[in-house]
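Notes follow once the structure below has been shown.
Throughout, a chain's letter reflects where its sequence line sits, starting with A, and its residues are numbered from 1. Note that this is a predicted model, so its numbers are computed, not measured.
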2 protein chains.
Amino acid sequence: MKNALGIEIPEYIEGMGALEPYKGAWEKLQKGWMDETTVPPPNKAKMPHASKMCETLKDAILKADPHDGMTVSFHHHLRSGDGILVEAIKILAELGIKDITLASSSLTSAHDPILPYLKDGTITGIWSSGIRGELGKAIAEGVLPKPVVIHSHGGRVRDVHTGRIRIDLAILAASAADCEGNATGSHGPSAFGSMGYAAIDSWYAKQVVVVTDNLVDYPCVPPSIRQNYVDYVVKVDSIGDPTKIASGTTRITKSPMDLQIARLAAKAIIASDSFKQGFSFQVGAGGASLAVAKFIREAMKEKEVKGSFLLGGVTSYCVDMLNEGLFNSIFDVQSFDAAVSSSLLNNAYHIEIPAGLYANPFNCGCMTNKLDIVVLGALEVDTDFNVNVITGSEGAVRGASGGHSDTASGANLTVVVCPSFRGRIPIVKKQVHTVVTPGETIDVVVTERGICVNPRRPELRKSLEEAGLPVKDIEVLAEEVEKITGKSKDIECEDRIVGLVEYRDGTIIDVIRQVKQL
Amino acid sequence: MKNALGIEIPEYIEGMGALEPYKGAWEKLQKGWMDETTVPPPNKAKMPHASKMCETLKDAILKADPHDGMTVSFHHHLRSGDGILVEAIKILAELGIKDITLASSSLTSAHDPILPYLKDGTITGIWSSGIRGELGKAIAEGVLPKPVVIHSHGGRVRDVHTGRIRIDLAILAASAADCEGNATGSHGPSAFGSMGYAAIDSWYAKQVVVVTDNLVDYPCVPPSIRQNYVDYVVKVDSIGDPTKIASGTTRITKSPMDLQIARLAAKAIIASDSFKQGFSFQVGAGGASLAVAKFIREAMKEKEVKGSFLLGGVTSYCVDMLNEGLFNSIFDVQSFDAAVSSSLLNNAYHIEIPAGLYANPFNCGCMTNKLDIVVLGALEVDTDFNVNVITGSEGAVRGASGGHSDTASGANLTVVVCPSFRGRIPIVKKQVHTVVTPGETIDVVVTERGICVNPRRPELRKSLEEAGLPVKDIEVLAEEVEKITGKSKDIECEDRIVGLVEYRDGTIIDVIRQVKQL
């Protein structure tokens with residue numbers, strides 16, 4: 001069957017069930033979707049004064065009913081410094097557990113060491129918002145028997161609510177926790193900030209283990225994770241490498257091209273009607289995105305514009321803007337550097353939010369639905385404004401869906417910033433290899449060669465043109481690029497599907513097919 | 001069928017289904033009870049940037065699908081000052097809605113004005129932890145077609161989780177809220193402190209309306225209720241009478257008898273092994289209970305004992321002990337006076353907790369399970385240590401289950417303080433009219449005529465005797481009392497059941513039968 005983008009989607013995947021094709025960004029929202037089956041969180045019971053403390057992570061796992069076919073979840077707030085996921089998978093493998101579905105909110109290069117367990121049948125399925133490094137390469141080459149599922153941050157919460165992901169065991173690293181499992185990431189030697197992605201796991205997993213290298217006196221404050229959801233607590237020597245968790249103050253790019261794109265994107269934003277008193281704003285941490293914040297910050301001061309909230313993915317740059325009074329609050333689902341943790345801990349208007357509140361489309365109003373402006377990156381953009389943030393030019397899985405489609409769907413103004421090509425590789429092109437975020441949710445693409453406005457937003461195009469900005473049709477830009485880079489070769493794929501890209505509403509927006517050895 | 005206390009319980013109630021008899025305080029906990037059916041929270045959806053604001057409470061109710069047979073819920077944090085419950089029921093009655101089940105976390109004398117709606121078929125069922133005043137009298141006289149259900153605070157959360165209470169519409173008053181429904185009780189002109197009882201309603205109700213008299217700029221901080229659970233927001237002139245919501249600094253009783261009982265109870269606590277470094281403590285606000293805190297506070301200073309947490313029902317007396325460093329934290333499910341709100345707002349170690357975390361037996365560890373010492377009141381105590389806190393000596397419903405059975409079940413040392421008789425009415429007697437808290441969870445009963453220790457705690461009796469305290473058998477005390485008051489007449493009851501007393505695990509511990517006109 002074909003989805004609304006004309007992409008062929010299988011009706012059924014063995015072991016995973018029936019698939020629903022993508023129908024349009026707001027199609028299911030408009031119907032309210034009150035009738036979809038959701039699953040109840042588990043009922044548990046403890047006797048009064050029972051202890052939750054375990055000697056080792058292995059002891060905790062042994063108590064938590066490890067079994068073949070189980071689903072094990074993790075959060076990725078420790079980012080490249082994570083030491084817990086690999087450790088836990090090793091323990092499960094040593095116990096001889098097979099056929100595990102790994103449901104980590106994302107996977108980074110820190111997780112490359114689990115590759116052997118994808119090859120030996122320990123892990124046979126993965127649900128995640130992002131996959132990179134050796135894992136992403138091996139997955140594209142077909143190492144797993146079942147397709148991986150790439151979801152958005154909001155979509156992951158919906159997947160758990162609806163029972164598409166049924167977590168048997170959640171292993172949640174915390175930089176501070178007490179003996180009952182009240183836990184936080186906002187302080188301690190391995191502080192990593194918000195625990196936003198872990199909340200849903202704690203509410204729905206059959207067994208929840210909190211792992212910390214910093215056991216504090218009862219009670220641990222603030223309780224980002226609360227004791228009534230935690231079965232076991234383990235004190236370990238280290239939850240990871242703090243130097244890779246907290247990378248220091250995030251710096252603005254020095255790349256001249258990124259700065260050029262960011263400056264142009266800021267001009268486009270300022271020329272739109274979304275840049276106004278009380279606007280809300282999200283920017284990513286990478287490349288040109290954060291640099292856009294630099295120019296917006298300057299413009300806010302100059303024009304005396306005060307914003308409502310910053311959302312995201314929070315860098316110390318966001319914290320600076322909060323402290324300068326440019327925004328009145330930050331909603332923090334994930335913190336990107338060291339300076340963020342202390343702000344999260346000490347400033348009541350720097351608010352930790354669970355991923356469901358951040359971006360789950362199926363509740364009474366996630367934060368992304370209230371967003372005015374978001375600035376996003378892209379690996380590829382096509383002439384229908386569809387964006388790929390998951391597969392690289394050689395076909396490997398090497399990115400993350402993250403909050404990309406969530407914020408794009410909610411924001412009044414969604415701006416994608418990217419170079420039009422990199423090396424000899426076109427970025428803006430006729431067709432992306434994999435669609436993660438549908439073009440109907442993208443308003444503007446800003447490149448070093450000019451700005452393309454989605455034809456769905458003629459009034460926005462008019463505003464930008466009136467502001468004297470270099471607006472051009474995206475088809476024209478794609479042709480310019482093709483002239484420079486030459487026609488890009490299609491990636492050679494097998495028929496076999498190795499990945500499903502789930503849109504935030506649970507429909508399938510694209511598939512990832514197996515590539516030849518990379 | 002008979003329950004574990006030998007009380008006759010009907011197997012089935014028309015319109016309510018099968019009943020399960022009480023089996024023992026920890027019987028179901030010990031079995032883990034993982035297999036009980038629970039219900040999922042609803043799936044909702046809003047389009048981006050949709051407004052939740054309604055002009056009036058009536059407009060909000062009209063949008064929230066009002067219909068015959070619906071269940072409408074409220075919290076009782078506004079206590080005797082509540083102006084919202086009566087207003088909402090009046091609107092529903094004016095709309096002609098019939099057969100409503102009222103599920104308020106408790107009912108006070110402020111709710112007497114809804115009595116006509118119990119008579120005319122607007123309200124036909126009630127689930128609540130407490131009922132008093134004219135309502136309690138009318139219910140005992142049989143005004144409702146269905147028995148009311150009295151649950152504990154923890155039991156209410158379980159009732160919602162398991163679908164025994166299925167809330168169609170939750171109307172939640174807040175002393176501050178923003179346009180998206182982020183809401184709190186911790187500040188504003190009508191501040192009432194914790195919103196602990198309202199959390200479960202916000203998570204499970206099909207429709208959630210936040211009502212406030214203090215609409216603040218987005219975002220409302222702290223978000224005790226979060227926007228992703230709120231469908232509609234209404235600004236009204238007043239949510240209640242602030243003078244009756246916040247009653248000022250709670251005073252210690254001046255009654256010589258209450259002080260005598262309290263002094264004795266404190267001595268018993270100090271002589272037990274539960275009074276130790278790091279102990280946790282809960283006392284009620286009324287009569288002798290709070291006075292026990294006065295003597296414990298003095299002893300803690302004298303003996304240099306430092307406690308872990310205070311729990312409950314929080315008075316300004318608790319806040320004083322926190323500020324003096326006698327305890328390191330307060331967990332606050334319900335605040336009793338004005339001074340408490342500012343502490344809750346400003347002290348990170350004064351922690352607001354939802355009722356499920358407070359006392360739901362079926363999660364990974366409610367706070368009551370971690371409690372060392374609790375001091376509770378009683379309307380009646382029998383020689384099996386069973387306690388009645390719901391029906392008065394004339395048979396009317398005039399009290400509240402509240403956290404009584406929850407804390408009694410969890411605490412290592414449960415102390416009941418009460419006079420042995422009041423006027424010519426015996427308090428300690430052979431048999432209570434209604435059992436709310438089973439005797440197996442009560443350790444000590446302290447009266448002005450001495451201390452009775454539950455025979456299940458011989459080591460405790462020994463400690464108290466060694467400390468030279470006046471310990472006596474409860475049968476002896478009951479006989480002494482009977483000699484003074486004369487044998488109390490049994491309340492004349494009809495066969496008809498007008499109330500079910502649910503134990504915190506969902507089983508039925510007692511029934512309330514119809515009385516003659518009071």
Side-chain angles (χ1 to χ4, degrees), chain A residues 26 28-50 52 158 161-162 180-181 208 217-219 221-223 226-231 308-309 328-329 331 348-349 351 353 356-357 360-371 409-412, chain B residues 26 28-50 52 158 161-162 180-181 208 217-219 221-223 226-231 308-309 328-329 331 348-349 351 353 356-357 360-371 409-412:
Chain A
W26 299 283
K28 298 189 84 172
L29 278 178
Q30 275 163 335
K31 291 183 183 148
W33 212 33
M34 298 284 286
D35 54 343
E36 206 201 28
T37 306
T38 55
V39 297
N43 238 15
K44 303 180 180 183
K46 298 267 185 215
M47 283 295 284
H49 304 278
K52 299 179 180 178
R158 193 219 58 252
H161 269 299
T162 57
E180 293 288 334
V208 177
D217 281 349
Y218 188 86
V221 170
R226 297 196 112 160
Q227 68 178 59
N228 49 324
Y229 303 112
V230 179
D231 295 88
S308 170
F309 64 87
N328 68 16
S329 53
F331 289 89
Y349 284 84
I351 305 162
I353 55 170
L357 173 50
N360 179 10
F362 296 105
N363 61 35
C364 282
C366 57
M367 298 298 310
T368 53
N369 272 1
K370 205 176 163 60
L371 197 53
S409 143
N412 279 324
Chain B
W26 299 283
K28 299 189 84 173
L29 278 179
Q30 275 162 335
K31 292 184 183 146
W33 211 32
M34 297 284 286
D35 53 344
E36 206 201 28
T37 306
T38 55
V39 296
N43 238 15
K44 303 181 180 183
K46 297 267 185 214
M47 284 294 284
H49 305 278
K52 298 179 180 178
R158 193 218 57 254
H161 269 298
T162 57
E180 293 289 334
V208 176
D217 282 348
Y218 188 87
V221 171
R226 297 197 114 160
Q227 68 178 58
N228 49 325
Y229 303 112
V230 179
D231 293 271
S308 170
F309 63 87
N328 67 15
S329 52
F331 289 89
Y349 283 84
I351 304 162
I353 55 169
L357 173 51
N360 179 11
F362 297 106
N363 61 34
C364 282
C366 57
M367 297 298 311
T368 54
N369 272 2
K370 203 175 164 62
L371 199 52
S409 143
N412 279 325

>> Minimum heavy-atom separation for A:Glu180 and B:Lys370, please, with both atom names.
In response: OE2-NZ, 3.1 Å
> side-chain contact (heavy atoms from CB on, under 4.5 Å) with A:Asn363: which residues, sequence neighbours excluded?
Replying inline: A:Asn360, A:Cys366, B:Asn228
>> Quick check on B:Ser308 against chain A: is it the side chain, the backbone, both or neither that has a heavy atom closer than 4.5 Å?
In response: side chain
> Can you name the nearest heavy-atom pair linking A:Lys46 to B:Leu29, along with the distance?
Replying inline: O-CD2, 3.8 Å
> Backbone N or O of B:Thr38 within a donor-acceptor pair of the A:Asn43 side chain at under 3.5 Å?
Replying inline: no
> Between B:Gly410, B:Cys364, B:Ala411, which residue shows the highest count of heavy-atom pairs closer than 4.5 Å to chain A?
Replying inline: B:Cys364
> So what's closer than 4.5 Å to chain B heavy atoms on A:Asn412: side chain, backbone, both or neither?
Replying inline: both
>> So for A:Phe309, is it side chain, backbone, both, or neither that comes closer than 4.5 Å to the heavy atoms of chain B?
In response: side chain
>> Using a 4.5 angstrom heavy-atom cutoff, name the option from B:Leu371, B:Leu357, B:Asp231 with the most pairs to chain A.
In response: B:Leu357
>> Restricting to side-chain contact (heavy atoms from CB on, under 4.5 Å), what partner residues turn up for A:Val221, sequence neighbours left out?
In response: A:Pro219, B:Ala348, B:Tyr349, B:Ile351
